[in-house]
Amino acid sequence: MPTPPNNEAELLDRARRLAGCALGRLARDLGRDTPENLRRHKGWIGELLEHALGASAGSLPEPDFPELGVELKTIPVTRRGLPRESTYVCTVPLEAHGETWQTSWVRRKLNRVLWFPVEAEPDTPLAERRLGTPLLWSPDAEQEDGLRADWEELMDMVCMGGLEAITAHHGSWLQIRPKAANARALTAAVGADGAPILTLPRGFYLRPAFTAEILRRHFALPGV
DNA sequence: AGCTGATCATAT
DNA sequence: ATATGATCAGCT
């Protein structure tokens, strides 16, 4: 396991050296096996990159690089560089906290992100998929305003007992969807009448249109 | 074809 | 159970 990077420049330098590398070769270099597919190994690419870059937070509720305040996110992309999936951000707090956007977990996580695009053509064997060019990002004022608006609207509903009325259709850039091992995993929340209920754990996700814009601005793909 | 709701693995 | 890492797969 590499030591954690000492600063952002070192992190970005390490990341850039991995651009173009096939997942199978990176795994072999790190002494890891490459699974046939991701069906039973959904977090494999993210964990591989954590290992390769010296991330240290493990499964703690911290950014991947705590000393730098940087979160690592892999992002599956088409050959045109467009995201194939939404991006998980964090769990939704379902019991009222009096939390504000400024202190929110979403904002802390998204304040500084190292995006790592990864080829994700279903026809390409996992081992042959290549890493793209990484990008160190912070939300600009417009992006943060939009995220804050979504977060406040969604969290108002959660705190007012409207959780069960929230679907993935809510939110322009940030949405709330289930985030659970399965449909039997339940957690405490506030029900419609303000009474405690048990419900499916939820997570905040960034819509693909939002991450597409992040990638587009930096790679300026012509004709896409 | 894209999106929403559901699910898989691991560590603590 | 809750945190981490996400993608799967059925429905519209």
Side-chain angles (χ1 to χ4, degrees), chain A residues 1 4 23 26-27 30 32-66 69-80 82-95 97 104-106 108-110 113-126 129 131-132 134 150 154 163-189 196-213 224:
Chain A
M1 194 73 157
L23 298 181
L26 180 57
L30 296 173
R32 293 185 168 213
D33 292 327
T34 302
E36 278 300 302
N37 58 63
L38 296 176
R39 196 167 66 86
R40 293 188 172 278
H41 303 272
K42 296 181 180 180
W44 182 77
I45 299 176
E47 289 156 9
L48 185 70
L49 266 297
E50 286 181 352
H51 185 172
L53 295 173
S56 59
S59 63
L60 300 175
E62 295 286 337
D64 295 290
F65 302 93
V70 174
E71 177 73 13
L72 171 66
K73 289 291 182 195
T74 61
I75 181 165
V77 295
T78 66
R79 70 181 87 252
R80 285 179 160 63
L82 296 172
R84 296 193 71 93
E85 290 284 352
S86 55
T87 299
Y88 171 68
V89 180
C90 61
T91 303
V92 179
L94 296 182
E95 297 183 288
H97 291 90
S104 71
W105 204 346
V106 172
R108 293 204 313 262
K109 286 251 180 180
L110 296 182
V113 178
L114 180 66
W115 297 101
F116 223 132
V118 184
E119 286 180 342
E121 297 301 328
D123 294 341
T124 305
L126 184 56
R129 298 183 191 176
L131 296 170
D150 284 343
L154 291 165
L163 171 65
E164 292 179 303
I166 297 178
T167 73
H169 297 285
H170 292 87
S172 301
W173 293 342
L174 198 61
Q175 64 180 171
I176 286 180
R177 305 216 306 274
K179 168 63 171 170
N182 56 61
R184 274 73 65 194
L186 299 177
T187 192
I197 60 168
L198 288 178
T199 190
L200 207 54
R202 314 300 165 91
F204 284 111
Y205 294 80
L206 294 174
R207 292 184 180 280
F210 184 78
T211 48
E213 177 65 8
V224 176

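Convention: sequence-line order gives letters A, B, ...; per-chain numbering from 1. Heavy-atom basis, side chains included; hydrogens, waters and symmetry copies ignored.
Within 4.0 Å of A:Lys179, counting heavy atoms only, lies at least one base atom of the nucleic acid. Residue contacts for A:Gly43: at a heavy-atom cut-off of 4.0 Å it reaches a base atom on one of the strands shown. Among the protein residues, A:Thr167 comes within range of the sugar-phosphate backbone only, with heavy atoms under 4.0 Å from sugar or phosphate atoms but none that close to a base. Residue-level contact check: A:Pro76 touches the backbone only, with heavy atoms under 4.0 Å from sugar-phosphate atoms and none from bases. A:Ala180 comes within 4.0 angstrom of a nucleotide base, judged by non-hydrogen atoms across all strands.
For A:Tyr88, a side-chain nitrogen or oxygen approaches OP1 or OP2 of C:dT4 to under 4.0 Å. Regarding contacts with the backbone of C:dA6, every side-chain N or O of A:His41 stays at 4.0 angstrom or more from both OP1 and OP2. Contact check, A:Ser86 against B:dT4: no side-chain N or O comes under 4.0 Å of OP1 or OP2. Between A:Thr91 and C:dA3 there is a side-chain polar atom (N or O) within less than 4.0 angstrom of OP1 or OP2. In terms of phosphate contacts, A:Lys73 brings no side-chain nitrogen or oxygen within less than 4.0 Å of OP1 or OP2 of C:dT4. OP1 or OP2 of B:dT4 sits under 4.0 Å from a side-chain N or O of A:Arg207.
Per the geometry, CG belonging to A:Leu60 stands 12 Å off P belonging to C:dA3, to the nearest Å. When rounded to the nearest whole Å, the span between NE2 of A:His169 and P of B:dC3 equals 11 Å. Note: CD (A:Glu47) to C1' (C:dA6) measures 9 Å, nearest angstrom. Here the P atom of nucleotide C:dA3 and the CZ atom of A:Arg108 are 12 Å apart, to the nearest Å. Spacing between atom NZ of A:Lys42 and atom P of C:dA9 amounts to 7 Å, rounded to whole angstrom units. In this entry the distance linking CG of A:Asn182 with P of C:dA6 reads 21 Å, nearest Å. C:dT4 atom C1' lies 7 Å from atom NZ of A:Lys109, rounded to whole Å. One atom, CG of A:Leu49, and another, P of C:dT4, lie 18 Å apart when rounded to the nearest Å.
Side-chain contact between A:Leu206 and A:Leu110 is present, with heavy atoms from C-beta onward closer than 4.5 Å. Within the 4.5 Å cutoff, no side-chain heavy atoms of A:Val118 are placed close to those of A:Pro76. Side-chain contact between A:Thr34 and A:Leu23 is absent, with no heavy-atom pair separated by less than 4.5 Å. Looking only at side-chain heavy atoms (C-beta outward), A:Arg108 and A:Cys90 stay at 4.5 Å or farther from each other.
Among the nucleotides C:dA1, C:dG5, B:dA6, the one closest to any side-chain atom of A:Tyr205 is B:dA6. Comparing B:dG5, C:dA3, B:dT7 by their closest approach to the side chain of A:Ala168 singles out B:dG5. Of the candidates B:dA6, C:dT4, C:dT2, C:dT2 carries the atom nearest the A:Pro201 side chain, counting heavy atoms from C-beta on. Of the candidate nucleotides C:dG5, B:dC8, C:dA6, C:dA6 has the atom nearest to the side chain of A:Thr74.
Put simply, the side chain of A:Lys73 gets close to the backbone of A:Tyr88: a donor and an acceptor are under 3.5 Å apart. Between the side chain of A:His170 and the backbone N or O of A:Thr167 there is at least one donor-acceptor pair closer than 3.5 Å.
In this structure, the separation between CH2 on A:Trp44 and CG on A:Asp33 is 9.0 Å, given to the nearest 0.5 Å. Rounded to the nearest 0.5 angstrom, A:Ile176 CD1 and A:Leu154 CG are separated by 4.5 Å.
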Discussion item. Show, in sequence, the C-alpha distance, side-chain angles and deciding distance for A:Glu71 and A:Leu114, and conclude whether the side chain to side chain contact (heavy atoms under 4.5 Å, CB included) test is met.
Written reply: CA-CA 6 Å; A:Glu71 177 73 13; A:Leu114 180 66; over 6 Å; no
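For A:Leu186 and A:Val89, each mapped to the nucleotide of DNA chain C holding its nearest heavy atom, the one lying further toward the 5' end belongs to A:Leu186.
Within residues 170-178 of chain A, the residues approached by DNA chain B to less than 4.0 Å at the level of any non-hydrogen atom are A:Gln175, A:Arg177, A:Pro178, in residue-number order.
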